[in-house]
Number of protein chains: 2
Amino acid sequence: MSKRRITIKDVSALAGVSVSTVSRVLNASGPISEETRKAVMDAAAELKYQPNLLARGLVKNQLGGVGVLIPWLGGPFFCSFLEGVQDVIRDTPFRLVISSEQAQKAREHDALTYLLENDADGVIYYGDSLRPEDIAEINPQDKPVVLLGQPRTEAHPCVTIDDEVGAFLATRYLLDNGHRQIAHITGEASQHVTETRLGGYRRALSQAGVPFDGRLVFHADYTEQGGYRSVQQLLGRGVDFTAVFCSNDQMAIGAYQALREFNKRIPEDVSVVGFDDISFAQYMHPTLTTVRVPIRNMGSVAARMVIDLIEGREAEHPTLEAELVIRRSVKRL
Amino acid sequence: MSKRRITIKDVSALAGVSVSTVSRVLNASGPISEETRKAVMDAAAELKYQPNLLARGLVKNQLGGVGVLIPWLGGPFFCSFLEGVQDVIRDTPFRLVISSEQAQKAREHDALTYLLENDADGVIYYGDSLRPEDIAEINPQDKPVVLLGQPRTEAHPCVTIDDEVGAFLATRYLLDNGHRQIAHITGEASQHVTETRLGGYRRALSQAGVPFDGRLVFHADYTEQGGYRSVQQLLGRGVDFTAVFCSNDQMAIGAYQALREFNKRIPEDVSVVGFDDISFAQYMHPTLTTVRVPIRNMGSVAARMVIDLIEGREAEHPTLEAELVIRRSVKRL
DNA sequence: ATGAAAGCGCTAACAA
DNA sequence: TTGTTAGCGCTTTCAT
C-alpha cells in the first residue's frame, strides 16, 4: 500500500534526461529532438507516470476545476442542467466542483468566494441573488463567471433563455384555444424568471385584448407544494377561470393534484400549461402541454463557455429558444 | 485587476514574525505564546488571508476533495442522493467533485482512477461495474472508497439498504391484498439491485405458497421507457396478471403510461407498486404505493463515512431500512 | 517559543 | 536542443 507516487524526477532518471526536458515534452513547450521525446514518452509510459496536478497548479496558478453553483441539487431541473455540464466537462482536463446553497444569498456569497478562491478557474452560476456587482467584488482575479437565470447583459458572460417568448407562446396557445380567464402561477416577484415569464403572459393577454386581472396571478415558489396551494387559493377565491398557466412544471404537478382533489377534470374543466418540460411532464396524466427549455443543452453551452473563457478564447452570449410542446392538458373551448 | 493573492508571507511580515510561526498558529501545531498568536490572527484577519489550498495540499499530500462517482447525474434518484452528500460536505473543508459515466465499466474505471489520483482524498462510488478487486487495483494509496449498490462486505466500507426486505414487503402487501398473479419488472439480471429485489419478490411468493412464474418477470433498465415497454410486452403476452411490482419508481411511471394506453385502470384493473419513493411518486395519479428508500439520507451517511475514513476515524457499515409507503395504486381484491 | 531552511512536484526563465 | 536553477505557497524538521 501507499507506494510512493511516480514523479517527474523518476521519469527523468529513467529517460536519462533532466526534469525540465521531461516537463517540456509533456507540455509540448519548447523544442525537443524526436529521440529524446520518444525516450521520455517511453519512460513515462513504463512508469505509468501521472503528473501531480496540485504541483502543476501551484506553479501555473490554476486550480483545475470548473465550479457550478446552483440553488438546489435535488429536483429535476438542475439535475438535467448538471448533466449537460458534465457532458462537456468529461472531455476536458477540468474537474467538476459543485456547490448548492438553497438560493440563500449569504451562503451563495460565501460558496462562490470559496469556489473562486480554492476550487475553480471559472464558475457557472445559476441564480439571481448575486448580481454582477456582487460577483465582481468577490472575484478579484476576474475569473470567468457565467451567469444563468439573470437578465441578459453584454457586460457579463451569460446564457439566457427566451422566457418571455416562451410564456407568450404558452399564453397565446391558451388564448387561441378560446380561453379568456387564464390564471398564472409563478414564483417570487423578485426573481428574474418570474418577471420575464409574467411579462410574456401579460403581453399575450394584451395582444389578444384580454384585460389583465391581478386576482388570477399567484406568487408561489416553483415547488409542487407551491403550485398545489396556489390552485387551492384560486379555487377558494371564487374567480372564474378555465385555464392555469404555471411558470414551471413542478408547480403544474401540484396544480394537477389540487385540481383533482376538487374534482376538476383536466383538461375538460380546467386546462393546464407548464414551463420547462422536465422529463416527468410527458408521463403526467394527462400529459402536460408545456414550454420546452433546452435544460441539458443550457448546461453544455454554459460549460463550453466557461472553458473557452478560462482558456482565453472569446465566447458568445447565446440566447436559447424556448418552444411550445403541445400535449393533452389543454382543451379547445 | 488580478491583484496578487495574499500569502502567508504577507501575514508574517505584517505580524512581525516568521512564516513558520504563522503556519503554526493557523494550524494550531506547535506551541505559541498567546501574544504572538493574537498578533498573527489580527494580521491574517486584516489582510483577509486565505491559505492556498494547493500549496498546503502539495506538502501534506492531500487533494481536498470528496469524489462522488454515480451512474447518472440526471434522474430523480441520484439527484436526491447527491443532495444528501452535499448536505454534509457543505460543513466540511472538502470540495465536492462529481463524476458520472453512464455506468460504463471502462469509463468508470478511468474516472475513478482519475478522481483518486488528482481530485479526491476519498470517494463515494455508487455502482456495481467496479468490484472491490478492481478498485483495489486502481487505488494504490488505499484511499477510502465507500461502496453503494453492491453486495455488503465487511472487507470494504459500504452503505447498503435492505432491498431484499423492501421487495419482500412490497410483494407481500400485494399478496395480502389478494393478488396472486404479480408481474415483476426489474433491471438487468447482472445488477446487484436486480438480484436482491427479485429475491425479495420470490421469497414473498414462496412464503405465500404462490408458485413463481418466469413469464411474469421482465428485465428492463430502470427507466420510464423500460417500464413502459415491459408492460406492453406483458400485455401482449396474454398471461393473466392483476398487479405489477416495479423494481423502481421510474419504471412504475412507464408502467402507468402503458397501462393507460391499453385502457387498464389503475388500480381497478391492475395494481402497481414501485420502489424508491422518488418525489414524483406522491404526485402520480393515482399516487404510487412504493418502497421508501432513504435516498437523501444515504448520501449523507455515505459522505459522513468517507470523511470519517479520510480523517482516520473508524466507520460503521450501516444497512438502512426500506419501508413500505401505502398510497392508492393497489386495489384489494 | 520562535526562526531558518529544506522540500512537496512542477514549470519557466536563463544559460550553455 | 538541453540542463541548471529559482521559485509557486505552504508545512515541518531542526536549531536556537
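Quick note on labels: first sequence line is chain A, next is B, and so on, each numbered from 1.
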Taking OP1 and OP2 of C/dA1, is either one under 4.0 Å from a side-chain nitrogen or oxygen of B/Thr21? no
Does C/dT2 have OP1 or OP2 under 4.0 Å away from a side-chain N or O of B/Ser33? yes
Residue A/Glu311 excluded, over 12 heavy atoms near CD under 6.0 Å: yes
Please determine whether the number of non-hydrogen atoms from other residues, nucleotides or ligands lying under 6.0 Å from atom CD of A/Gln104 exceeds 12. yes
Using a strict threshold of under 4.0 Å (side-chain N to carboxylate O), is an ion pair present between A/Glu108 and A/Lys105? no
State plainly whether the residues B/Arg304 and B/Asp308 are in salt-bridge range, i.e. N to O under 4.0 Å. no
[X] side chain to [Y] backbone, donor-acceptor under 3.5 Å:
X        : Y        : result
A/Asp128 : A/Gln150 : no
A/Ser23  : A/Val19  : no
A/Thr7   : A/Lys9   : yes

Nearest-Å distance, [atom1] ([X]) to [atom2] ([N])?
X       : N     : atom1 : atom2 : value
B/Asn61 : C/dG7 : CG    : P     : 17 Å
A/Arg4  : C/dG7 : CZ    : P     : 14 Å
B/Lys38 : C/dA1 : NZ    : C1'   : 19 Å

Without hydrogens or angle criteria, can the side chains of A/Thr319 and A/Thr160 be said to hold a donor-acceptor pair below 3.5 Å? yes
Toward the 5' end of DNA chain C, which comes first, B/Leu58 or B/Glu34, by nearest nucleotide? B/Glu34
Give B/Ile32 one of three labels, base, sugar-phosphate or nothing, depending on what nucleic acid heavy atoms sit under 4.0 Å from its own. sugar-phosphate
Return a single string for nucleotides 11-16 of chain C, one symbol per nucleotide in 5' to 3' order, where B is base contact, S is sugar-phosphate-only contact and - is none, cutoff 4.0 angstrom on heavy atoms. SBB---
First and last nucleotide of DNA chain D in contact with chain A, 5' to 3', at under 4.0 Å to a heavy atom: what are they? D/dT1 to D/dG9
